[in-house]
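Below: the structure, in structure tokens.
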Amino acid sequence: MNTAAMHAILIENLKQLKLSSMTKNIESELRQARENGISYEEFLLNLSELEIHHRRENGRKRRVKEAMFPLFKPLETFDFTASPQLDRRLVRELATGEYLKEKRNIIFMGKSGTGKTHLATALGIEACTEGHRTRFVTGCGLANELIEAGDKKGLTRMLKRYAGYGLLVVDELGYVPFSKEGGELLFQVLAERHEKRSVIITTNLGFGDWTQVFGDPNLTAALLDRLTHKAHVIHCNWDSYRLKETLKGQARVTHGTNSL
Ligand code: ADP
Ligand code: MG
């Protein structure tokens with residue numbers, strides 16, 4: 001068999017094996033190997049690494065899409081100088097995803113505009129990169145979804161889905177109180193994940209105020225007990241980033257007017 005025929009069959013084989021990146025790159029890699037006298041081992045290593053890289057990137061994109069983040073806010077876009085009290089080292093450590101292996105939760109607690117959602121999203125994106133199936137949902141959205149799941153079968157399916165994510169981000173827990181049913185269903189989701197899979201929560205409420213949201217004091221106590229067990233609780237007590245940006249904008253406008 002001549003070289004051209006072998007090439008054609010080789011490409012066909014790679015296609016059949018669904019090695020799309022290897023198929024795409026084989027010609028250029030072969031050329032480079034010939035030109036630079038690269039060994040068989042190195043050639044195959046380079047080619048297989050291209051495939052692995054491509055698959056990892058595709059998987060990451062798929063997981064980020066599935067997570068349904070409201071905005072794409074990776075950690076690189078978070079300005080640590082704006083929140084000096086935040087333990088940078090802890091955030092960087094959390095970004096490695098070690099907490100996911102330890103099945104620990106993270107609770108971002110504090111007032112509005114301090115970057116809680118941004119940080120939760122950034123850690124969610126990191127989790128996607130590390131290969132964890134992730135879902136971002138607001139507390140209210142999750143409760144409504146569960147209530148609307150319909151019959152027992154639908155609800156069981158949904159509870160199973162929420163138990164299955166490698167990471168569940170529940171944003172804005174506490175902004176709106178839940179109905180009795182909503183609170184109980186949310187409790188089921190969170191209790192089911194306890195010590196099995198991690199949850200990230202953002203909330204504007206201190207733990208003492210959670211009963212107002214869940215209604216039932218016993219249920220709230222049981223929930224807090226599970227959620228906070230071994231959790232990283234990060235208090236976001238610095239000034240609102242949003243407000244600071246607005247004030248900066250206003251200062252610019254005023255300054256501009258004065259200088260006219
Ligand atoms: P919270 O959830 O605490 O109310 P957000 O995460 O929604 O706050 O932050 C409000 C806005 O300010 C968002 O657009 C967010 O991206 C931005 N923001 C907050 N903190 C920072 C920061 N340290 N660096 C960059 N952007 C920030
Ligand atoms: Mg928020």
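Whatever order the structure lists them in is the order used to number ligands and atoms, beginning at 1. Small disclaimer: the values here were computed from a predicted structure and weren't measured.
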Discussion item. Just to be sure I read this right, does ligand 1 sit under 4.0 Å from the backbone of Lys73, its side chain, both, or neither, counting only heavy atoms?
Written reply: side chain
Discussion item. Tell me the contacting part of Thr77 for ligand 1: side chain, backbone, both, or neither, using a 4.0 Å heavy-atom threshold, strictly below.
Written reply: backbone
Protein contact to [atom] [nearest heavy atom, distance to 0.1 Å]:
atom: atom 23 (N) of ligand 1; value: Asp79 O, 2.9 Å
atom: atom 4 (O) of ligand 1; value: Gly113 N, 2.7 Å
atom: atom 6 (O) of ligand 1; value: His118 N, 2.8 Å
atom: atom 2 (O) of ligand 1; value: Thr117 OG1, 2.7 Å
atom: atom 17 (C) of ligand 1; value: Tyr241 CD2, 3.4 Å
atom: atom 11 (C) of ligand 1; value: Arg242 NE, 4.1 Å

Practice prompt. Among Val189, Val169, Leu142, find the residue that satisfies the side chain to side chain contact (heavy atoms under 4.5 Å, CB included) test when tested with Val137.
Written response: Leu142
Worksheet item: Only one of Ile201, Leu90, Leu94, Val199 forms a side chain to side chain contact (heavy atoms under 4.5 Å, CB included) with Ile106, so which one is it?
Response: Leu94
Quick one: does [X] get an N or O within less than 3.5 Å of an N or O on ligand 1?
X: Tyr175; answer: no
X: Phe78; answer: no
X: Gly115; answer: yes

Worksheet item: Counting backbone and side chain alike, does Thr117 bring an N/O/S atom below 2.8 Å of the Mg ion (ligand 2)?
Response: yes
Discussion item. Need the ligand 1 atom indices (1-based, order shown) with element for anything under 4.0 Å from a heavy-atom of Ser112.
Written reply: 4 (O)
Discussion item. List ligand 1 atoms under 4.0 Å from Thr114, heavy atoms only on the residue side.
Written reply: 1 (P), 3 (O), 8 (O)
Salt bridge between [X] and [Y], side-chain N to carboxylate O under 4.0 Å?
X: Glu51; Y: Arg55; value: yes
X: Arg63; Y: Glu66; value: no
X: Arg31; Y: Glu27; value: no

Worksheet item: Should His229 and Glu195 count as side-chain neighbours, where that means a heavy-atom distance under 4.5 Å?
Response: yes
Worksheet item: Hey, does Asp171 sit under 4.0 Å from ligand 1 if you only count heavy atoms?
Response: no
Discussion item. Please confirm whether Thr202 approaches ligand 1 to less than 4.0 Å, judged on its heavy atoms.
Written reply: no
Practice prompt. Can you measure from CG (Leu167) to CD (Glu130) and round to the nearest 0.5 angstrom?
Written response: 12.0 Å
Practice prompt. Find the distance between CD1 (Ile125) and CZ (Phe69) and round it off to the nearest 0.5 Å.
Written response: 5.0 Å
Discussion item. Checking the side chain of Lys116 only, and the main-chain atoms of Gly110 only, is there a donor and an acceptor separated by less than 3.5 Å?
Written reply: yes
Practice prompt. For the residue pair Phe207 and Trp210, categorise the inter-ring angle as parallel (less than 30°), tilted (30 to 60°) or perpendicular (more than 60°).
Written response: tilted
